[in-house]
Amino acid sequence: MGQKVSYTEEFKASAIKLVNDSDKPASMIAKELGISPGLLYGWLNKSRQPKEVKAIMERISSLESENKQLKAELKRIRQEREILKKATAYFARESE
């Protein structure tokens, strides 16, 4: 599997502008830019979304990121709790 390549917003905007201003098909422009047509079509679809949809999608992305962080923190805290339970049981036996 190949490495994930990240493109700048300027590159994406330029690619979208090329498609909108050109008579060439988007697939040909994608080939000339060295990217997959699917990637370019995704950028085009995203650029054509209303601003409200974009704002909602960004909020969803933000919430997903926060959810991922919270799940990781919860996992860590559960592990710490289990360690503390075992330590408590150990020391309770020792003091008897």
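Both backbone and side-chain heavy atoms feed into the values below; hydrogens, waters and symmetry mates do not.
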*Taking only residues two or more places apart in sequence, or in another chain, which ones meet N45 in a side-chain hydrogen bond (donor to acceptor under 3.5 Å, both in side chains)?*
none
*Transitive ILVMFWY cluster of W43, excluding itself - 4.5 Å side-chain cut-off*: V5, Y7, F11, I16, L18, V19, I29, L33, I35, L39, L40, Y41, L44
_Cluster companions of L74 among Ile, Leu, Val, Met, Phe, Trp, Tyr (side-chain spacing under 4.5 Å)_ = none
_Reported CE-to-OG distance for the pair M57 and S62, which is rounded to 0.5 angstrom_ = 13.0 Å
*Tell me, which pairs form a salt bridge (charged side-chain N to carboxylate O under 4.0 Å, His left out) where one or both residues lie in residues 38-60, sequence neighbours left out?*
none
*Taking only residues two or more places apart in sequence, or in another chain, which ones meet K17 in a salt bridge (Lys or Arg N to Asp or Glu O under 4.0 Å)?*
D21
*Could you tell me the separation between the CG atom of L70 and the CG atom of L63, rounded to the nearest 0.5 Å?*
10.0 Å
_Residue pairs involving residues 65-82 (criterion side chain to side chain donor-acceptor pair (under 3.5 Å); sequence neighbours excluded)_ = R76-E80
